[in-house]
A.B. asks: 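My questions will all concern the structure given below.
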Protein chains: 2
Amino acid sequence: MNIGDVARLSGLPAKTIRYYEDIGLVAPLRSTNGYRSFRERDLHKLAFLGRARSLGFTIEDCRGLLELYEDSSRASADVKKIAREHLERIDAKVEELLAMRKTLSHLVHECAGDNRPNCPILDDLASCSHAAPKKGKRVGG
Amino acid sequence: MNIGDVARLSGLPAKTIRYYEDIGLVAPLRSTNGYRSFRERDLHKLAFLGRARSLGFTIEDCRGLLELYEDSSRASADVKKIAREHLERIDAKVEELLAMRKTLSHLVHECAGDNRPNCPILDDLASCSHAAPKKGKRVGG
DNA sequence: CCTTGACCTTCCAGTTAGGGGAACCCTTAT
DNA sequence: ATAAGGGTTCCCCTAACTGGAAGGTCAAGG
């Protein structure tokens, strides 16, 4: 199979598949003309990666999961650990977003949204009463 | 004030403040020795930016908000529009994360997490029954 | 006067997970 | 011969910074 075929079958863009080869997640063969030649096994890996990515696992998580997937003597505890940590990251992010959401929706409701300049949103942003946001990784970007 | 002072007062890292100058969000003066020299007004702007960023506004949002903040003839509708759109982005992201969370927490509960290889998490990732994730910006990264 | 240390400067590279596009090769059909 | 529709490599771009190197400035201490 050429890259276009696996792209269609896996649902991943060809660019992404090349990238995954670049970083060592898949290792397709090469035809004599230089084209990548994918086996069933490569296709399965790519589908696995696509599914894992769609659940929000990072590439490094995927690398670990793929390794465990291919290791028939794995311990399910190792898989579960990766998943649980990811779940915790998701929960943390949701918490963070909901905190933002709460403040924002309050401000949006307060704002008249007309052609006058008076604006509670700007008032809030400009007010000096917020705790200095010092340490802690900025996740919201 | 030197950059260290405004960093302490605003809670923003000096690196970030230099970056904000780079991209034209603040324009401190320069002392004869080449050091940046911040006025009260610059400090206020930086505090404003820090607060807006902590609410998850993008840098471009911040640029717009700052412009409106400094325009006394603004319409609050313009501010509200930026905030409302941001709120919608947050809601979309929360939805996405909760969908992931739902699947993941289910899988984590199903997995024994012991030293045996059998693992429902890997089974799910490897199953071919998932809709091909084609278009739509990947937000989870 | 010299040094130490804390500050400041600029510039370069790296981060995530690819996307866009150029320049070029391979194959098949017209 | 050429056009279309694959494929290839290569490099730059994204957001919003962070880290680090190499070096200038300033106040204090010996």
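Per chain, numbering begins at 1; letters A, B, ... match sequence-line order. These numbers were taken from a predicted model, which means no experiment stands behind them.
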A.B. asks: Within a radius of less than 6.0 Å around CD of Glu67(B), do more than 12 heavy atoms belonging to other residues, nucleotides or ligands occur?
C.D. replies: no
A.B. asks: Would you say Arg18(A) reaches dG18(C)'s phosphate, i.e. side-chain N/O to OP1/OP2 under 4.0 Å?
C.D. replies: no
A.B. asks: Strictly below 4.0 Å, heavy-atom distances to any atom of DNA chain D: list the hits from residues 29-38 of chain A, or just say none.
C.D. replies: Arg30(A), Gly34(A), Tyr35(A), Arg36(A)
A.B. asks: Quantified as the angle between the terminal helix axes (five pairs each), what is the overall bend of the helix from dC1(C)-dG30(D) to dT30(C)-dA1(D) to 10 degrees?
C.D. replies: 40°
A.B. asks: Are Tyr35(A) and Met1(A) co-members of a hydrophobic cluster defined by side-chain heavy atoms under 4.5 Å apart?
C.D. replies: no
A.B. asks: Tell me, please, which residues at least two apart from Glu88(A) pass side chain to side chain contact (heavy atoms under 4.5 Å, CB included).
C.D. replies: Arg84(A)
A.B. asks: Would you call Asp78(A) and Lys81(A) a salt bridge, taking side-chain N to carboxylate O under 4.0 Å as the test?
C.D. replies: no
A.B. asks: Other residues, nucleotides and ligands only: do more than 12 of their heavy atoms fall within 6.0 Å of CZ on Arg116(B)?
C.D. replies: no
A.B. asks: Salt bridge or not for Arg63(A) and Glu70(A), using N-O below 4.0 Å?
C.D. replies: no
A.B. asks: So, do Leu107(A) and Asp123(A) sit near enough that their side-chain heavy atoms are less than 4.5 Å apart?
C.D. replies: no
A.B. asks: Report which part of the nucleic acid Ile3(B) touches: base, sugar-phosphate, or nothing (heavy-atom distance under 4.0 Å, all strands).
C.D. replies: sugar-phosphate
A.B. asks: For dA15(D) and Thr58(B) - does any side-chain N or O of the residue sit under 4.0 Å from the phosphate oxygens OP1/OP2?
C.D. replies: no
A.B. asks: Would you indicate, yes or no, if dA17(C) has its OP1 or OP2 atom less than 4.0 angstrom from a side-chain nitrogen or oxygen of Tyr20(A)?
C.D. replies: no
A.B. asks: Between Thr16(A) and dG19(C), does any side-chain N or O lie under 4.0 Å from OP1 or OP2?
C.D. replies: yes
A.B. asks: Measure from NZ on Lys15(A) to C1' on dC11(D) and round the result to the nearest Å.
C.D. replies: 9 Å
